[in-house]
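One structure is given here, and the rest of the page talks about it.
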Amino acid sequence: MSTTTSAPAGRKPSSRSFKERVDTMPRAVKIVLWVVFAVFLFLLPLLNIPFITTEGSDFGGVLFTVATYVLVALGLNIVVGYAGLLDLGYVGFYAVGAYTVGVLTSEHAHLSWVLVVPIAIVVAMVSGVILGAPTLRVRGDYLAIVTLGFGEIVRLTLVNSQWLGGAQGISDIPKPPGVELFKVPSLDWSAGVPVVDLSTTSTFLKFGINDFVPYYWLALGIIGLVLLFDILVKSSRVGRAWEATREDEDAAELMGVPTFRFKLLAFALGAAIGGLSGALFATKAGFISPDSFQLLLSILFLAAVVVGGAGNRWGVIVGAIVVGYFPERFRDFADFRVLVFGLALMLLAIFRPQGLLPPRRTVRAKRADDRQAVLEEGEASA
Amino acid sequence: MLLEVKGLCVNYGRIEAIRDISFTVEEGEIVTLIGANGAGKTTTMKTVSGLRPVRAGSVVFNGQDITHLPSHERPVLGISQSPEGRGCFVGMTVMENLDMGTYARPDRKSKAVKDDLERVFELFPRLKERSNQAAGSMSGGEQQMLAMGRALMAKPKLLLLDEPSMGLAPKLIQQIFDIVTEINSQGTTVLLVEQNAAQALKRSHRAYILETGEIVREGTGKDLADDPAVKAAYLGGDV
Amino acid sequence: MPEPTQPTTGDEVTEINPDADIAPVDIGVPDVAEGEKLLEVDEVTLRFGGVVALNEVSFHINKGEILGLIGPNGAGKTTCFNVMTGVYQPTSGAVRYLGKPLGKRKKFQITKLGIARTFQNIRLFANMTALENVLVGVDAHHSTGVVSAMFRLPKHRREEAQGFARAMELLTFMGLDGKANELARNLPYGDQRRLEIARALATSPQLLCLDEPAAGFNPAEKVKLMELIRTIRDQGYTVLLIEHDMKLVMGVTDRIVVLEFGRKIAEGSPAEIRDNPAVIAAYLGVDEEDAS
Amino acid sequence: MQNLIDNFFSYTITGLTIGAVYALIALGYTLVYGVLRLINFAHSEVFMYGTFAALWVVMILGGHPGAGVGQVIFWVAMMFVAAMAMSGLIAVLLERVAYRPLRKRNAPPLIALISAIGASFVLAEIMGLRSRIVGWVGLDDTLRDYVRNSRNNAGLPTIIQPQPIFTIGGYHVTNVDIFVIVGAIVIMVILDQFVKRSRLGRGIRAVAMDPEAAALMGVNRDRVIQVTFLVGGVMAGAAAVFYMLKIGITRYDAGFILGVKAFTAAVLGGIGNLRGALLGGFVLGLAENYGSAVVGSQWKDVVAFVLLVLILLFRPTGLLGESLGKARA
Amino acid sequence: GDTTTPAASGGAAACGNYKIGMFGALTGPNANLGIYIQNGVNLALDDYNKKHADCKVTLENYDSQGDPTQAPALAKKAIDDKKVVGIVGPAFSGESKAADPAFNEAGLVTITPSATNPKLADNGWKTFFRALGNDATQGPAAAKYIKDTLKSTKTFVIDDASEYGKGLADIVRQDLGSQVVGNDTIQQKQTDFSASVTKVTSSGADALFFGGYSPEAAPMIKQLRDAGWKGTFVVADGVKDQSFIDNAKEAAEGTIITCPCVPPDVAPAFQAAYKAKYNEDPNTYSGEGYDSATILLDGIAAGKDRASMVDFVKAYDKKGVTKQLKFDAKGESADIKVFAYKVENGKIVSVGEIK
Ligand SMILES: Nc1ncnc2c1ncn2[C@@H]1O[C@H](COP(=O)(O)OP(=O)(O)OP(=O)(O)O)[C@@H](O)[C@H]1O
Ligand SMILES: Nc1ncnc2c1ncn2[C@@H]1O[C@H](COP(=O)(O)OP(=O)(O)OP(=O)(O)O)[C@@H](O)[C@H]1O
Ligand SMILES: CC(C)C[C@H](N)C(=O)O
Ligand SMILES: [Mg+2]
Ligand SMILES: [Mg+2]
């Protein structure tokens, strides 16, 4: 899939040594590795790998959730990581995407899913422009509160508009049309060693209500496309303009960058991806209500981006996995899971202040600072 | 001896910005550090005022070892710095900036402060004129004046001036040096860093020359100014 | 053991390559003949509340010259740049460029018309590489958007290739080609100043405005900078220079405009200015020459 | 609309009381933002702990309705002591645990926001799980009344019986209304004076603008920051008492919505500006109430946020502009 | 007790190790309501397991915290556990709406002892059963009580915009007709009700009906009383929870609560058994929980598995502790009663059926 094709174009994840190792491999080996990796990702929900597979909740569902987080994080990364705009209301776009699907497939019309998803993307994008056009002139942290307000306005409007289903939400959102090509069996580890379990299968691609794996596959494919898009756009004039705007808005403007237009573009693209993610969420959930779009979710999205390393697409993917997956994994902690998650966020912040996979610029700049810190600490303790 | 720096080493990461430098400043002196770009002058100043941690060596001020004293406790002892690149509080007015200079003064509520303010305004009439303008909107040179005025408001024993003439008009450069000489004659010890080496040497009692983090020469201001090697390297085409 | 990120020994001086071809590329603005008026500041007044930063200032810049703008601190020199580049709108008066008033054009639009500048306090994109900094400048005249980037359309490929070539040429010219992939903030001070000039040149300006490019330089470096400015002019740029170092100003400019308290107090050749009593009184100071 | 006109004073007074609570909490956001340029996301939990401290102290003292004036005054005084101490303590602790380590590592501001969010979760959850936590040390029986249903509401007995003091436009202004509004304003005036007198305001601004230069002036950054958190916490504690007297019920997640509102109020007034926080709090409280009257309570928060957006569009740095006590400190 | 099933007592070999699920809020602000039900369910299990010691049925809890957004994932979890043959719940209307489509598709039977929104039965879900009356009867009963017993002429109605609260309040509004002097909607988790308070007091209402749950009801009545409002506060089953009184304290006194749940003394034997086990009287929907579980357990005893359970429940017709347990074609209970309760001296006491 696209993940594989996109790989050589972009920067590789992880540390320098890993990057070096990958870089020195022959091209053929690289491609094979990427293909293997992609296949592994696709089979992940069926491999039932012990420890990784969540016990408490359906692993396919968890993976789908993680995938929507990844998608959202990629979108939000454009806004926060590239363009440097702090957005605390991103869930608003997610909601717009989800509700566009809900309204057009169930509540007020019965359009086909294939048609509705692009509409959802466009509607979300337009809402991004509508929000951005007046507010992007507001700077810095003021933007944070304005966007936070936007997210809440969206949610409260949903709660209070019967036309949009009100607090009760929209149910019976239809499934996407499937193609039902073949069945993929799963692995069963209950004997200690993996055994192919032919009785528990997922059908490629049959979108049912109780098998979430095909939705995960769908999301994974879309992530691949978005990732490719991200790589292509970021490594162009557009990406540079975003970075320059983030670094010094006035200087960028004086170097010929129409900063407002580029910020708006970042907002619109971010919104579109958020909307797409929301559309997927609505598709899989089949039921959406304003409760699914709480402010808290915006905050988790932001946490995913920042914890992963705002500005590095691979970093934010890792961040999204952490934020989407760990709370499920922590279900063992039952009541304490939010507490543990909160602690994890704090620890991550303290021990990985630049994010899990910081962007290249931070890595470089940090390397010098770190060595300095080490030397200084050595001195202090001496 | 007011300030004694011994065997000082300071790093930026693995870069040794200064290596084993030692120098002294006697009470009542003007001492100048000169050196090329990146020689370590600013680093030395920052270390004396506590902004950079010391890797090895010691800094003794007025008989007290201050090597590891936090920077914010040094103004209380009487060390005040006008930093390179000015470091004005851009969002505060000129007046508030000058006020900040007295932050650590024990007698900050007394009349003496008012007198000092008058004095600063006398030296830099522009500051008085603009006392309610935000520092950030002042011109480069005006900010330089403000930074110096603010340092003076602290009424220090030891005044650290890092390139006070940077960005100033030629006429004002003259004035700045006059001011330095004058406050020195009134009892303030000055440690000066300057690119404008000719002027600086002329005005100072003693000077040290830094090269890539090490002191390569020292002597009286006059001796160094007359030295042909120094002339060639540092005074070159200076105005 | 990780390698040191930055070669920052004080004695390493970056040499420029005057041979590199950095001539401005055609940016689609009408050409002005050598010696004709390029930009005209006409009776410009700018007030900030009670402060009159510029008071009916008029002067012009001819194509191909190096014009010096000097004056005491707070005279309004930087403000003049700000008016010319769209940071401030004049309270009254106008700036005419290529015969037309700049009007209410935005900053980036003025840059696209061919006026570029550097800053008194360095303002690079600190967390981008030297190359990327310059590329942002080059991009000023590019038009690739999301769609052409996404499909890697020929326009995108062409612009990227040309942009890269020009950026490298500029870095080579400044002697920074070896540091193309260093983050701007990790460059030594002098290199940062040079990078700022490279970035401004990247926008292919008709008029290049330099705000105290020599601040903090030692005499040796100032001499090199003088060379650099001359070479830039020779490659086809017009330069407006703010500088307090008289040696540099006198040595490199063709003409000088002097401001004081927001007013123009003198204009003329370096020699004339040097002997102008008003300028001496306001700016140079009397015992200036016997200093060294 | 007619409803608003008919009951204008009622909406106004109740709007001012909740506005006073917003304002006091907003101070904490504004102060911290003033030094660290950081949204102290966990400040809402600092407040929430204050509400519980206020509640518990009344429970310990056996507070009940219908007591004599002397007793009521004593209870309320103890509520202030307990809530301010608790909130102040939590705020200082928060700074030590969630922010200082980051500062020492030169972390970018965004990551501090994440640490704050984490801390906010942790603090709220500890309160929400208090029955379990005291269970570990075997105190769940002893503390039963304090930890029961730890995820549900906890109500305060009505210790001050609201009494109409005077009537304005048909609304009976009660002793509680007056106490809350006047009390909040008095506390703010005290704070204003404290910030002015103690050089704290100047120190805060200096640290915010240029930490290095501030150190050169003799400003102890860590101390300034700590005092800032402490003061913000104490204000949140005061807010908690007023809140409990007015609303009477709290919960482990009670801080969240209030925090968002208070932060909005801070921005509305001009974040970093003490008087702005006061103004922002009152404006927000009133706007919400008027809005509820006109378009229905369900649109209350929408009204608040739309107002915020409108104000920022016309005054991009809030009603009174940024910077802490600019004209005074 | 009822007849033991000859078919399924076939010893350990035939033992299905079946489970039944309890789906509802067991933690969170509305946990009490879930726990009251769970207690009833546990009692039913005890009874069953005593009789079938060789093949016990266990209870699997699905704690939704009453949050509809968590419901679909939990439903999926229950569905994936093949041992689960039936669900008691989902307890709340909102989560039912979110989770029931999945149960329906999977053919896993659900008997709710408490979700009262009428529309739930209109979705054509084959697996949906409701062991109590819905709000289409509770609403009119509440309206009737307000009109006839309270003799209110000016009534204010507030809802919390939830599936349950809004649905119920709308029915009450319709039934009260022109005597409704004002309406308002609040948000769940809201704590400051000053605007609503002004609306209620200024409307001159002598009664207020609130459709919603106790976390909002408690501060609402508290603030109303603080503002000097003297009318009668009328609420429904969503507030029939001890925590309402614990938190509203004195302000709760006199509150009227309607509920399609039977008072404990209607089924003395059950009351005694419950009291023996939990040391308190059965509470809101404990009896309904017991009955719902009993139906499923009877099915297990009759040898039914997940697939055949639906038809078993559909055909069920027996007397339970709360009522005759029998469902109509839509899964609604055939035997419906609504009772009124009142808060007196810090206790919720029954004041009889509303007829
Ligand atoms: N923040 C920093 N990080 C890394 N290296 C630094 C930093 N600051 C200074 N250096 C390096 O330390 C050395 C000494 O720098 P310093 O600023 O003290 O020089 P200086 O003599 O003041 O030069 P200048 O005349 O340019 O002000 C230089 O090599 C410089 O590159
Ligand atoms: N935004 C502003 N608000 C108020 N006054 C301003 C503003 N910007 C500039 N000024 C004032 O206008 C005058 C001109 O400033 P400008 O920066 O142009 O001086 P300059 O000639 O560049 O001086 P220098 O050589 O010191 O850089 C100064 O007195 C300055 O304080
Ligand atoms: C447990 C009950 C109070 C639930 C309520 N009847 C509802 O439908 O949501
Ligand atoms: Mg220096
Ligand atoms: Mg200037």
Side-chain angles (χ1 to χ4, degrees), chain A residues 48 53-62 64-65 98 106 152 155-162 165-175 186 199-200 207-213 215 281-282 284-297 327-328 331 334-338, chain E residues 26-28 31 61-82 92-108 117 119-120 122-125 159-167 169-170 184-190 211-212:
Chain A
N48 286 322
T53 307
T54 47
E55 297 296 328
S57 12
D58 178 68
F59 193 47
V62 170
F64 173 82
T65 307
S106 161
E152 282 295 275
R155 184 179 67 83
L156 292 166
T157 306
L158 297 175
V159 172
N160 294 311
S161 304
Q162 282 314 307
Q168 300 90 289
I170 296 177
S171 50
D172 297 327
I173 295 169
K175 303 297 144 201
S186 61
S199 65
T200 318
F207 297 101
I209 202 166
N210 284 318
D211 181 4
F212 298 150
V213 176
Y215 297 92
F281 165 77
K284 176 244 176 188
F287 164 76
I288 49 176
S289 78
D291 276 344
S292 311
F293 307 100
Q294 304 272 1
L295 173 55
L296 198 64
L297 206 56
E328 294 300 332
R331 277 205 191 268
D335 289 354
F336 289 87
R337 112 194 138 94
V338 181
Chain E
L26 300 172
T27 60
N61 288 315
Y62 300 99
D63 176 9
S64 64
Q65 306 188 326
D67 176 359
T69 60
Q70 296 200 27
L74 284 172
K76 165 82 169 132
K77 194 174 154 193
I79 290 162
D80 284 351
D81 186 344
K82 300 275 153 44
F92 291 176
S93 301
E95 64 195 21
S96 298
K97 181 168 172 181
D100 283 350
F103 286 127
N104 182 50
E105 174 154 322
L108 178 54
N117 187 291
K119 281 184 270 174
L120 291 174
D122 299 336
N123 293 294
W125 296 322
D159 68 76
D160 69 351
S162 72
E163 182 81 17
Y164 157 74
K166 181 166 173 19
D170 282 348
D184 207 3
T185 299
I186 55 120
Q187 304 289 318
Q188 283 187 286
K189 296 204 168 171
Q190 188 175 328

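Keep in mind that this is a model prediction, so the values were computed, not measured. A note on names: the letters A, B, ... follow the listed sequences, proteins ahead of strands, and every chain is numbered from 1.
Listed by chain and number, the residues in a salt bridge (charged side-chain N to carboxylate O under 4.0 Å, His left out) with E:Lys119 amount to none (sequence neighbours excluded). For E:Ser162, the side-chain contact (heavy atoms from CB on, under 4.5 Å) partners two or more places apart in sequence, or in a different chain, are E:Asp160, E:Tyr164, E:Gln188, E:Tyr213.
In this structure, E:Lys97 and A:Ser171 approach most closely via the heavy-atom pair CE-OG, 3.5 Å.
For E:Gln187, the part lying under 4.5 angstrom from a heavy atom of chain A is the side chain only. There is no contact between A:Ile288 and chain E, counting heavy-atom distances below 4.5 Å.
How far CG of E:Asp80 is from CZ of A:Phe212: 8.0 Å, rounded to the nearest 0.5 Å.
The residue among E:Gly165, E:Gly167, E:Ala102, E:Pro72 with the most heavy atom pairs within less than 4.5 Å of chain A is E:Ala102.
At most 12 heavy atoms of other shown residues, nucleotides or ligands fall within 6.0 angstrom of atom NZ in E:Lys189.
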